[in-house]
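Chain A is the first sequence line, chain B the second, and so forth, proteins listed ahead of strands; every chain is numbered from 1.
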Protein chains: 2
Amino acid sequence: MKSVLVSEDHAIVRFGITAIIKDLIHPVQVVEAADFDETIRRLSEAAFNLLILDINIPGGNNLQMISAVRLRQPDISILIFSGYDEQMFGINYIQAGADGYLEKHAPEEEIRRAILTMIESGKYITPGIRTRLMEHTGHHRLSASQEGNPLLALSGREKEVMQLLARGMSVMNISRTLNLQVTTVSTYKGRIFEKLNITNVIELAEKVRLYSN
Amino acid sequence: MKSVLVSEDHAIVRFGITAIIKDLIHPVQVVEAADFDETIRRLSEAAFNLLILDINIPGGNNLQMISAVRLRQPDISILIFSGYDEQMFGINYIQAGADGYLEKHAPEEEIRRAILTMIESGKYITPGIRTRLMEHTGHHRLSASQEGNPLLALSGREKEVMQLLARGMSVMNISRTLNLQVTTVSTYKGRIFEKLNITNVIELAEKVRLYSN
DNA sequence: CTTCAATGTCGAATAATTACTACAAATGGC
DNA sequence: GCCATTTGTAGTAATTATTCGACATTGAAG
């Protein structure tokens, strides 16, 4: 019998996922967890074939979730279930060792396909994500960032600028602080965003909070 | 026979809600809509007893949704279904004439209770929201912000913009989302910053995180 | 019923930010 | 050591964002 652990904080979503799984696979056992603590607890109690993991789960929300899971169950398949705010961010989880990636706003068909594929072959990645992944790993990706902290991919000057940006300082202000041309700072900003694969300072602040020690 | 229209863009959530409704009420007819256009179309086609409306639905996202709905079906019960980012400004929808308010992250029990209550009595508001509503309508701005939550000093539209800004959306992007001129959004942004006494979006995100329940 | 502050909205002018492009110096690999 | 990157730095042109002033609505207070 297959068994699946659904880690997701929104009750309705959990409910929906569980219903779909039960409809899709049988016999099957589905266990739900509403936060990361509970997820870990469940993983210690019984073996699962598949873990459907919401990135945004309370108590989780960082790449170490993957290793925490793998520590308990090395062979479990992990399907990252990401809200649309985290799309970009979610890719990092694949690189951190997750086996599949599904967006929360995917149509029902795709959700079904994803779950089924994960159960059958242990992997599921949409073409779109795969492409992004390639682009991502292809370019700038030093070994440092590959295993964990993406901030390590930044150069010294970039880190300086990052720090200031993450505190909300404007480009112009930074240019005065560091005695650089505005365009120079902007160039850094662009490079930082590209390297961290983000698109705005809010996400930047998040990453800094998350990874900056 | 009762009939319900579920307007929500995330397929799994729609799926879950529909399943709960069918489990809860019978006979019942459930129709789903993935965006606001479709919602309006469905409302023109048939009468419903209840509309479960995601605030964040594509094409909607503003208070006029309520009147747009009421224009078609004056007597329909409207249950606002809000993601946790929108809590703060979801209240405005009640004031705009919605009949109930349910948060997306509510536990399954509450979701069931809410739907059932809506169908039976046409209204559903949690004690917590009711309290907030009181605070809100009664004495406002100054007094409100003086004792605690500074976000309460913001007007409805401002709160909407605030949410989007706090997620890192650009002014231009917001203007497209809300169908406003860029300058209008910028005006709100300025007013928000002034009211909250901050100078950049990072601080904004912080406040939102801190006070937006 | 009048009045005033708060709200929602915008346009014109002005300021700030980004996109590209570029290029020399530092660095890393082989 | 030589070649390919990466890094630090800018300028020009194109986009975006902000300022400021305006104006119609609305709701509360008197």
Side-chain angles (χ1 to χ4, degrees), chain A residues 137-146 150-165 168-196 198-204, chain B residues 61-67 88-89 91-93 95-97 133 135-145 150-165 168-196 198-202 204:
Chain A
T137 41
H139 291 324
H140 55 71
R141 230 49 205 187
L142 319 179
S143 39
S145 67
Q146 246 152 15
L151 302 190
L152 296 179
L154 303 182
S155 76
R157 209 55 162 158
E158 285 164 355
K159 266 182 260 180
E160 250 178 297
V161 172
M162 169 195 77
Q163 227 37 84
L164 278 344
L165 282 173
M169 212 180 278
S170 71
V171 169
M172 176 143 291
N173 211 317
I174 294 174
S175 81
R176 280 195 284 260
T177 304
L178 301 180
N179 266 341
L180 292 172
Q181 288 312 114
V182 190
T183 57
T184 306
V185 176
S186 213
T187 300
Y188 291 144
K189 187 174 177 182
R191 286 181 185 168
I192 292 168
F193 279 18
E194 198 191 332
K195 285 186 178 180
L196 299 186
I198 56 183
T199 61
N200 57 256
V201 284
I202 303 289
E203 291 178 87
L204 180 66
Chain B
N61 228 324
N62 62 60
L63 291 178
Q64 281 105 77
M65 286 197 293
I66 303 293
S67 28
M88 283 307 324
F89 76 97
I91 291 192
N92 297 122
Y93 285 82
Q95 293 180 308
L133 201 55
E135 272 175 14
H136 210 248
T137 44
H139 51 85
H140 37 246
R141 321 288 125 33
L142 320 163
S143 40
S145 63
L151 303 190
L152 295 180
L154 303 182
S155 75
R157 211 54 164 154
E158 285 165 355
K159 270 183 253 177
E160 265 180 286
V161 171
M162 171 194 76
Q163 278 313 148
L164 276 348
L165 282 172
M169 213 181 277
S170 70
V171 168
M172 175 142 290
N173 212 317
I174 294 174
S175 80
R176 281 195 281 258
T177 304
L178 300 180
N179 266 328
L180 293 172
Q181 287 313 115
V182 181
T183 56
T184 306
V185 176
S186 219
T187 298
Y188 291 144
K189 186 174 177 182
R191 288 182 184 168
I192 292 168
F193 279 16
E194 198 190 330
K195 285 185 178 179
L196 299 185
I198 55 181
T199 61
N200 56 257
V201 283
I202 302 290
L204 179 65

Asks: To the nearest Å, how far apart are Asn200(B) CG and dA17(D) P?
Replies: 16 Å

Asks: Check whether any side-chain N or O of Thr183(A) sits under 4.0 Å from OP1 or OP2 of dG11(D), and answer yes or no.
Replies: no

Asks: Side chains of Met162(A) and Leu204(A): closer than 4.5 Å at any heavy-atom pair?
Replies: yes

Asks: Please report the distance, rounded to the nearest Å, between CD1 in Ile192(A) and C1' in dT17(C).
Replies: 14 Å

Asks: Does Lys195(B) make a side-chain N or O approach to OP1 or OP2 of dT7(C) shorter than 4.0 Å?
Replies: yes

Asks: Please determine whether a side-chain nitrogen or oxygen atom of Tyr188(B) lies at a distance below 4.0 Å from atom OP1 or OP2 of dG8(C).
Replies: no

Asks: Please report the distance, rounded to the nearest Å, between CZ in Phe193(B) and P in dT18(D).
Replies: 7 Å

Asks: Under 4.0 Å between a side-chain N/O of Arg191(A) and OP1 or OP2 of dT7(D), yes or no?
Replies: no

Asks: If only atom types and distance count, is the side chain of Thr177(A) paired as donor or acceptor with the main-chain N or O of Asn173(A) below 3.5 Å?
Replies: yes

Asks: Indicate whether OP1 or OP2 belonging to dT18(C) is found under 4.0 Å from a side-chain N or O atom of Thr187(A).
Replies: no

Asks: Nearest of dT18(D), dG8(D), dT9(C) to any side-chain atom of Arg157(B)?
Replies: dT9(C)

Asks: When the distance from CE of Met169(B) to P of dA17(D) is rounded to whole Å, what number comes out?
Replies: 12 Å

Asks: Could you check how far CD of Glu194(B) sits from P of dT7(C), rounded to whole Å?
Replies: 11 Å

Asks: NA contact type, Ser186(B), heavy-atom cut-off 4.0 Å: base, sugar-phosphate, or nothing?
Replies: base

Asks: Under 4.5 Å between any side-chain heavy atoms of Gln163(A) and Glu160(A), yes or no?
Replies: no

Asks: Counting only side-chain nitrogens and oxygens, does Thr184(B) get under 4.0 Å of the OP1 or OP2 atom of dG8(C)?
Replies: no

Asks: Heavy atoms under 4.0 Å, any strand shown: does Ser170(B) hit a base, just sugar-phosphate, or nothing?
Replies: sugar-phosphate

Asks: Round to a whole Å and report the spacing from CD of Gln181(A) to C1' of dT21(C).
Replies: 16 Å

Asks: Compare side-chain N and O positions of Lys189(A) against OP1 and OP2 of dT17(C) and report whether any pair is under 4.0 Å apart.
Replies: no

Asks: Which heavy atom of Leu151(B) sits nearest to which heavy atom of Lys159(B), and what is that distance?
Replies: O-CE, 4.0 Å

Asks: Starting at CE of Met172(A) and ending at C1' of dT19(D), how long is that distance when rounded to a whole Å?
Replies: 15 Å

Asks: Rounded to whole Å, how long is the line connecting atom CE of Met162(A) with atom C1' of dT7(D)?
Replies: 16 Å

Asks: About how many Å separate CG of Leu152(B) and NZ of Lys195(B), when rounded to the nearest 0.5 Å?
Replies: 11.0 Å

